[in-house]
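Numbers restart at 1 for each chain; the letters A, B, ... are given by sequence-line order, proteins then strands. It should be emphasised that the depicted structure is a prediction, and the values quoted were computed from it without experimental measurement.
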Amino acid sequence: MGFKKRGAAICLVVLLSFVLIGNWGCSFNKIADSDSVVIWHWMTDREDAFNTLAAKYEELTNTKIKFELFTPSDVYSQKIIASAQGKTLPDVFGILGKKRDAASFVKAGHVLDLTSYMNEDNDKWRSMIFDKALSLGEFKPGNVFGVSAGVYAVPIDLMNVQMVYNKSLLKKAGLDPNRPPQSWNQFIEYLKKLRANDIGGFASGWAETWLIDSFALNYAFNIMGEDKVMATIKGDASYNDADWIKVFKLFEEIRDVDGLVSGVVTMDNKYAEQLFSNEKAAFAYNGSWCVNVYKGMNPDLDYCAMMLPAVTRKNPMVIWGSAGAAFYVNKNSPKAEKAVEFLKWLTEEDQQVFLIEETVNLPSNKKSLTKIPKVLSQFADDLNSITHPNIWPYEESPRVTETFDKGIQSIIIGEKTAEEVAAEVARVKEKILAK
Amino acid sequence: MEKIKRILSEISIHFLPIIVAVSCIFPLLWMLSSALKTQQTVFKDMSLMPKVAHWENFIIAWGKGGFSMYFLNSVLYTVLVVVGIVLISSLAAFAFSRLDFPFKDFIFYVFLAAMMIPLPGSFVPLYVLLVKLGLANTRVGYCFSMINVGLSLSIYLLKTFFDKLPRDLEDAARIDGCGRIGIWWHVAFPLARPAIGVVTIYNTLNVWNEYILALIILQSKNLMPLQRGLMVFQGAHITEYPLLMAGITITIIPILIVYLFLQKFIIKGLTAGAVVG
């Protein structure tokens, strides 16, 4: 009978353990904390700053704010989707991904429309925030997603993608470090000169296709104007058009002068950042977050940010930008009003200045711009030139975008010509339209 | 001449294992080396031995990552889940191997099919189920889910082992008065030690390194496993490499000890079919 006793004892221990941890666990089994406004986010670098602000807000208003960090961002996205299905979303949350992802949350009834709060007291809240930043979380009347018009997201900070240049390396190549290239042709001349002096030219993580996509589309806006780009996406113009071939030719040009650092199409952005911060490349195409990144990698790096050098003056140069962090309020939360009050407070000037100091990101509050570091202010100078696919009226098919980006990679490695890529993208687009 | 031949033979025998061993050890050395550098030197100093070793990175990583709490959680989850998997899978495998019941093969193949489903594919239904059972954001919910994740392969491994176990041993035990549970406990389980060793190592590694399911199921920071501590050092744009490497070094020490302790069972487990019983 000994084995029976031992077996029973083991089973009892295991059972007791589960009961114990079950009770232990169940004490936390409140998805929505009854006292606090719970905010889920994925931003490790802002965690400490958020917690400090939460403590300050509690002191001021007696309202508890609880930031919960879930990272990495791709798993965070899965968590948000699972929580929406399980109806356990927190009071405030961020939605990652494209605008259609946000649209599906709004349509499913998970997101509070903030328009009335924004418009209170003669647009007091709305007027504090950059229009472009706000438009990223706004759905216009008659939008393609079928979402009721309104503002649904509160941008906490901003980011945009521009060019940065190393002043010391320009000087070393005999170029004026205070006069970055003003036009595309001048940029190509700079790259030639850098090459002649055996200095790395242009680095960007073009293995991450969105970086190629944004770079190419910025130039498409410059060469043919926004209307024609939109007409192409809508299907009214062709990618085989001479203007699109001009866009693809830019990559041939930069390749032919050997202006790119080696391996750029297989390089992720972290490695490109490392190259630029180690002074192995004089130019880089990177987002405003890079100020913080370069500060960590090489605090002595002498560099500036600049607008992309335009090909033509016919149309304005644009840059990609979006909300670095944007929060949505859970429509079904009993603490929705408290959450809105906190988000209003978070976007006020003082809190935004604190966030800039702690996280070195661009603020969403217009008035906070005067208090940002020098390089960051150079990124901020061009905030009015921001564009982003999330605010365009039409959305390109992922298959077309993939052919477009991979085609550019092929041009860079000399596999295809601009004309071939243009024809290929046009073919894929026609197939999509035919469907 | 004979000596040269012997040396050449020795070199040819050991060359490949040495290369494999170096390629396995090098990343660990690189990790340790990076853990001793600063955020600036980690990108510039490519040497394995940093000029100034920053041992304090381990203390900072421990504190900043909140490892004390996560460490205890991970130990608890690993022990409970592995014990749960070993007990349930050995009982189930024994039943599949020795008992006759309706739809036995069908149920077994369902278990095998479960191995083919990628974990991310089951996140949403699993989470919704746990919410409905009131087990979301609980330790018990997470442990049950992890036991569920580890069962299929463990049952498959142990059933294969039990299938080859001579029935004479069971008959002898039965004559001695053992029932089915007694045979499992006194005969099958002890003889399956090599296979159980493999199941234990495999699942210990799996549970110790698991993070994604924990992130989906658990909300409270207090319930998170050790891997959550490492994520603190990885931002969307900035990664604190020295602290991350120091954190990873800390996290692999316990698993390394378990592995060294149980490694003999891996070889035994792999060759178990030949000597079973």
Side-chain angles (χ1 to χ4, degrees), chain A residues 3-4 6-7 10-11 13-14 17-31 33 38 40 42-47 68-73 75-76 78-79 81-88 90 159 269-270 273-274 277-278 287 289-290 292-293 295-300 324, chain B residues 39-40 42-44 64 76-77 79-80 83-84 87-88 120 123-132 134-144 177-179 181-182 184-186 211-224 228 231-241:
Chain A
F3 69 87
K4 279 188 181 169
R6 247 185 294 170
I10 290 172
C11 292
V13 168
V14 172
S17 306
F18 274 102
V19 170
L20 192 70
I21 60 168
N23 286 335
W24 190 3
C26 283
S27 63
F28 291 100
N29 191 19
K30 287 175 185 174
I31 307 287
D33 194 307
V38 179
W40 285 2
W42 66 96
M43 295 161 280
T44 313
D45 53 344
R46 294 158 174 92
E47 170 79 342
E68 299 274 15
L69 171 70
F70 300 101
T71 178
S73 53
V75 186
Y76 170 82
Q78 294 252 27
K79 186 176 179 68
I81 293 166
S83 301
Q85 301 236 2
K87 296 188 171 40
T88 56
M159 50 145 277
N269 203 37
K270 285 225 187 279
E273 284 168 345
Q274 203 175 318
S277 70
N278 285 343
W289 62 79
C290 72
N292 213 3
V293 175
K295 192 175 122 191
M297 287 180 172
N298 183 2
D300 303 323
Chain B
Q39 183 71 1
Q40 279 91 48
V42 81
F43 296 109
K44 287 180 179 168
K64 200 172 171 187
L76 182 79
Y77 295 145
V79 170
L80 286 170
V83 168
L87 283 178
I88 297 168
F123 280 161
V124 174
L126 181 65
Y127 181 76
V128 173
L129 178 70
L130 288 174
V131 169
K132 293 206 165 145
L135 293 175
N137 197 30
T138 65
R139 292 178 198 276
V140 78
Y142 178 61
C143 284
F144 279 159
C178 282
I181 293 285
W184 165 75
W185 180 248
H186 282 290
Y211 173 60
I212 296 175
L213 196 60
L215 200 71
I216 301 283
I217 293 173
L218 306 171
Q219 261 68 261
S220 173
K221 214 165 123 177
N222 304 327
L223 304 179
M224 290 286 183
R228 166 66 172 74
M231 293 301 154
V232 170
F233 309 120
Q234 294 178 72
H237 305 299
I238 300 166
T239 301
E240 294 178 82
Y241 286 104

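Interface check for chain B: of the options A/L69, A/N269, A/I81, the most heavy-atom pairs under 4.5 Å are formed by A/L69. Each of B/V124, B/L215, B/I216 has some count of heavy-atom pairs under 4.5 Å with chain A, and the biggest count is that of B/L215. Interface summary for chain B: among A/G86, A/S73, A/G296, the most heavy-atom pairs under 4.5 angstrom belong to A/G296. For the set B/F233, B/F123, B/Y241, the entry with the most heavy-atom pairs within less than 4.5 Å of chain A is B/F123. Counting heavy-atom pairs under 4.5 Å between each of A/E68, A/Q78, A/Q85 and chain B puts A/Q78 at the top.
Between A/P72 and B/Y211, the shortest heavy-atom contact is CD-CE2, 3.9 Å.
Contacts between A/N292 and chain B at a heavy-atom distance below 4.5 Å involve backbone atoms as well as side-chain atoms. Of the atoms belonging to B/Y142, not a single heavy atom falls under 4.5 Å from chain A. B/Q40 touches chain A through backbone and side chain together, each having a heavy atom under 4.5 Å away. Looking at A/S277, neither its backbone nor its side chain comes within 4.5 Å of chain B, counting heavy atoms on both sides.
Within the 4.5 Å cutoff, the side chain of B/T239 has heavy atoms near those of the A/K270 side chain.
With sequence neighbours excluded, the residues satisfying ring pair (Phe, Tyr, Trp, His ring centres under 6.0 Å) with A/Y76 are A/W42.
Rounding to the nearest 0.5 Å gives a distance of 5.5 Å between CD of A/Q274 and CZ of B/F43. Atoms CZ and NZ, on A/F70 and B/K221 in that order, are 10.5 Å from each other to the nearest 0.5 Å.
At least one donor-acceptor pair closer than 3.5 Å links the side chain of A/K79 to the backbone N or O of B/L218. In this structure, A/T71 contributes its side chain and B/M231 its backbone to no donor-acceptor pair below 3.5 Å.
The neighbour count for B/I88 CD1, taken as heavy atoms of other residues, nucleotides or ligands under 6.0 Å away, is above 12.
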